[in-house]
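The structure appears right after this line, and notes come after that.
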Amino acid sequence: MSDHHDNSQRAPGRCPGDCLGTEDYYFEYTECDSTGSRWRVAIPHSQGSCSGLPEPVRGTDCTFSCEAGEFLEMSSQQCTSCAAGSYSLGSGVRFDQWDSIPAGFSSLATYMDSGGSGDESMTCNNSSWTPQGTHLESNRDDCTVSLVYAVHLMKQGSVSFDYQYLDSNVFFEFFVNLKSGTNILYWRTTGMLLGGKPVKPVLLKNIQIEGVAYTSECFPCRPGTFSKTPGSSSCDLCPRNTYSGKGASSCTPCSKTQYSQEGWSECKERPPCSEKDYFQIHTACDSDGKTQMLYRWVEPQVCVENVTGAVTLPPSGEKEDCPPCNPGFYMHNSSTCLPCPQGTYSDGTTECQRCPGGTEPSLGYEYKWWNILPRNMKTSCFNVGNSKCDEMNGWEVAGDHIRVGVGGSDNDYLILNLRVPGFKLPTSVDDASATEFGRITFIFETDCSADCELYFMIDVNRKSTNVVESWVGSKPRQAYTHTMTKNASVSYTWAFQRTNKASDVRQYVNDIAKIYSITVTNAMDGSASGCHACAMMSQQDGSSCVPCPAGHFINKDTNQCQECPPNTFLSGHHIYGKEACQPCGPGSKNNKEHSVCFNDCTFSHLDQNRTLTYDLSALSSVGSIMNGPSFTSKGTKYYHQFNISLCGAEGRKVAVCTDNVTDLSSKDLQNESADLNNFIKTFVCQSTIIPADGRGFRTSLSSQSISLADTFLGELISLTVFNIHDLFPESSWKVPDINFFFRSPQPTASCLNGRSTVVTLRCNPEKSARGELTVPSKCPAGTCNGCEFHFLWESSSACPLCTETDYHSIEGACKGGVQDTLYVWNEPKFCTKGVLLPNKTSAQCEVVSLWVKAGIGGGAFMAVLLVSLTCYFWKKNKRLEYKYSRLVMSANKDCELPAADSCALAEGEGEENEDDVVYSNTASLLGKLKAIASKADGDNSESVQLKSSQSERWVWG
C-alpha cells in the first residue's frame, strides 16, 4: 500500500462544487472486514473541495496483489505494467534512494535532560540518521537514534536490507515482529565513546518490505539508474561515463572532457593526472624466471595526461630475478612454485627433501615472498556506500611484501583474507591436553597522512568475524602474534581503511599498509619448511614417530617419551628436550597432564617461626566487581565489570565475559539459552556494561570484553618479585596479604608487553566468607595505565587456618566437687576453619581452694611449733622449780634462824628475789617466760650457793 498520490491542480473553467476526475480525488480501500472483503472509496484531495464523489464499489480481495513490475490501477482495479523509467515490486516496497529521508520514515533521538542549561552539545537534538544519496548513515556520537517506519501488511511478509556494521563500539539493533496488520520497524544505534575515539557509523541501504497487498503506483528510478523496458521490477545502474536523472529510461553519455563512475547522476570535469592516479605492481614470473616493476593508471582512468601540470606514467623498471619460492615450496618449470609433497620439506630455494630419521615435517604456512597471491588467500574491496569497489582488488603483491591497492574511494575497506581449514599438532603431542594448537605471526607497517586504520579480525567456524586488534595512524615495522587455543577452522582477515570520511575526491591514495610476512604453525593443509624431532618407538633405524602421553617430553638422547618432572608444565610450542618442561610459579603445581600450573586454593607461609596455612576454597568460584557508574558526554550510563577466577577447576579458566552487542542484533532476546558467539573465557576479564535502563534497551548491553589474565604466574606474599607496586593501604590486621599474579601475554596497540593483573587477598575477620572486591582509590577503573590491573579481595576466608595457638583455656570455680574448663579464641581472632575449639571439660576437685589449703597448712605448722616450744620451756621451768625447792629445803635444815648480818636478806633484795622465784601453783605462762628472760639477763646460774656456819641463822620476817 502506498501513500503517494497525484496532487494535480483543478482544471480551469469548471464549477468548484463538482468532482469530475482524479485531479479532484483519489481512490483508497477500506480496512478489510472479518470476511476478507473491502470497499473502494473516493477521497477528495482537500476536504470539502468538491461534491458528487463516485459511489463506493466492492474492492478486490484483501490478499490480492499484482506481479512484480505491475501496479494496481485503482480506477479499473486492474494490474497495469509500470512505464519505462519506473519499477514496482508488486506486493512490496523498496527504498534505495536516500537524497532525503523518505516519507513514512522518522529519526528519533534519545538523550538525557541537560537540566535546562541550554548547552546543545550535551543533548542529542542534532543527532539523526543522515541520508547520503545511496545510503543512510547513523549518528557518530554516543546518542541513541532510532530510524522508525510503520507498514501495514496484508499477508505474510518479509524485510530485507543491506548494512555495514564494523565498529563494536556501536550497538546496532533491528527490531521486527512481522504479522498481519500494522508493524513498526526500527533500526537503532547507540555509540559508546568510552575511550574518546569516534565511532564508525552504521550504513544502511536497499530496504525492501514484502507483504503489502498492493501498490497503487510505480516508483521512479533514482538518479544514476534507469529502466528501459516497461514492467520492470528494478532499475539498472548507468554505465561509466554516463548519467541519468530521476525516472530515466536511458542514460546520457558524458562529454569527452567529463567523466562519471557507475551509477552517477551527473558528470564531472576530468582533472590533470597526478601521482595519486597511478600505482606500481610486480609482474608474475615469466618463463625465464624474471619479474618487473610496472606502473599502471588507476582504473578507470579519469585524469587527463596531455594538459598543463599533468604528470606522465613513470617508465617500467628493469627485469629482475624472481624472488625464491616461499618456504615449503619448490620451483617448477622456472616460473611456478608448488608445495612440497607430503613428508618432505624445502626452504624455498632447494628441491624438496625427505625428513631424516627421528623427525617429521613441520607443517604450516610461511609466506614472505609475494610474487603471486597464495592459493588460500583472497583479496577484495568492500564499501556499502560505493558499489564500484566490489570488483576491485584490495591488496596487491609487491615482491618482498603485499600492500593495499588503490580502491575506489578513500573510505573503502581493503580486505585480505587467509583461510585455515584446521590445525594438526605434531605426532608426538597429545591433542587432549594441548593448550596451543597453532599461532599466526605477521610483520606489518603502515604509513598514513590521515586517520587510517588497520584491523586484524578472526572468524572461527564461520560464525562471526570479531576484531582482535587494530592500529590507527602510521606504525613502524613490527610483529604481531595470535595464539589459537582450540582446534577449529578459522579465517584471518586484514582490513585497511584510509579514512572513515566519505568523499568523491581522492586525497589519501598514497596512504598504505604493508604486510611483509605471514606465518601460521601446524596448519592442517600446510607445507613444511623444515623438520622437527619426534618420539620414536625405539632407537632402531626406520622406527616411526609415535605420540607421547600427556605431560611427556622427548628425551634428546633417546628420542623417547619421558614424563616432565613434578611442578612443571609443557610450554606448548614444542616438547623436544627437558627444557620444554617449564617450572611452575611459586604457590602453584601442575595438573596431571602437565598442561598448566594452578593453585589448589591453599597456601602456606612461614611468619615469625609460625607456619600460616590458608584454605581459600570459599573464594574458588568466580567473583565479580562492577565499578561506576560513569557517564559519557551525552549522558549514557555505563559500568566496568570485572570477573575474577582465582583457583577453581584445576587451572581451567572459568571467568567469562560476553559481548552481546552483535548477538542481540540477530538473536531472539527472549531465548535466554541461546549460545553467545562472542565471549572470552579466562582468569580475569573486563566488560563494559550499559544497563537496560540506560537508553531504554530491552536488555543490558555487554561490550568491549577483554582478557586481563590468560596465565597464572604464582602466589606470593611479596610484590617485589614481579616488580609490582602496591596501590592499596596497609592492612590494620596483623596478617600478611596473599597476592595472586596473572598475565595476559597478548600484545595490544597500547600494551606492547601485554597486560598483568594482581589480586590481593586480605584477611578481614569482619567480612563474610565470600568477602568484598575493591579497586584502588587512586585508580577507580582498576588500572592507572591500562596495562596493570589491581584488585583487593577482603574476606574472612583469606585468614589463616586456626591452630592450637589461637585459643586459650579458662578454669571455672569448683562447685560440688566438679571444676569446668572452657576454651575461647584469642581476641581479636585472625584465623578461620582449621582446628575446632575444644569442648568444655570437667574434672573432680575439693571444695577448699589451694590458697585456703596453704593457709591451713601454714597455721597447723605454726600451732605445732608453738606447742613444741611451750612444752620445751615448761619442762625447763619445772626443773628450775625443783632445784629451787631443794635449795629452800636444804637451807631450812642446815640453818636455824639466821643472824641479821648473815642470814637475813638485805632490804630490797627480798623484793627483787621475790620476783625471781616462780611458784608453780600461781605462775602463768607469760610469767614463766618473763622469769626465764630475767634469769637469762642475770648470772645464768641454776642454783644459789649459800654460805653456812654455826652462827648463821635465817631471819623470817
Side-chain angles (χ1 to χ4, degrees), residues 804 807-824 826 838-957:
E804 288 79 2
Y807 63 83
H808 62 274
S809 61
I810 299 178
E811 293 183 348
C814 185
K815 296 181 180 179
V818 177
Q819 185 180 37
D820 294 334
T821 302
L822 298 177
Y823 298 89
V824 295
N826 299 334
N839 295 324
K840 179 180 69 174
T841 59
S842 300
Q844 297 293 329
C845 68
E846 298 180 3
V847 177
V848 181
S849 65
L850 177 63
W851 295 107
V852 176
K853 291 180 180 180
I856 294 175
F861 173 76
M862 294 301 295
V864 172
L865 178 62
L866 289 175
V867 171
S868 300
L869 289 174
T870 302
C871 293
Y872 171 76
F873 288 115
W874 180 79
K875 292 177 66 176
K876 199 165 188 177
N877 185 60
K878 292 298 288 182
R879 284 198 299 271
L880 183 60
E881 288 181 353
Y882 174 74
K883 290 181 179 182
Y884 184 78
S885 63
R886 289 285 301 271
L887 177 62
V888 172
M889 292 176 62
S890 175
N892 290 336
K893 287 183 181 180
D894 296 339
C895 187
E896 294 180 357
L897 290 173
D901 57 350
S902 60
C903 293
L905 296 174
E907 187 178 357
E909 291 180 0
E911 294 177 2
E912 184 179 350
N913 291 337
E914 227 174 68
D915 293 335
D916 294 342
V917 179
V918 179
Y919 294 94
S920 60
N921 58 342
T922 60
S924 65
L925 178 61
L926 181 59
K928 293 179 180 180
L929 292 176
K930 290 179 65 177
I932 293 172
S934 299
K935 288 182 179 292
D937 295 336
D939 55 7
N940 296 324
S941 62
E942 294 184 2
S943 59
V944 179
Q945 184 66 36
L946 298 177
K947 296 181 179 180
S948 65
S949 67
Q950 293 180 354
S951 59
E952 291 177 344
R953 297 286 186 270
W954 286 96
V955 180
W956 297 87

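- Residues satisfying the side-chain contact (heavy atoms from CB on, under 4.5 Å) criterion with I810, sequence neighbours excluded, are H808, V824.
- With sequence neighbours left out, the side-chain contact (heavy atoms from CB on, under 4.5 Å) criterion links L869 to L865, F873.
- W874 contributes atom CH2, which lies 5.5 Å from atom NZ of K878 (distance to the nearest 0.5 angstrom).
- Of the inter-residue distances, the one linking F861 atom CZ with L866 atom CG reads 10.0 Å to the nearest 0.5 angstrom.
- Atom-to-atom distance recorded for Q844:CD and C814:SG is 8.5 Å, nearest 0.5 angstrom.
- Screening residues 811-824 for side chain to side chain donor-acceptor pair (under 3.5 Å) gives D820-S842 as the qualifying pairs, with residues at least two apart or on separate chains.
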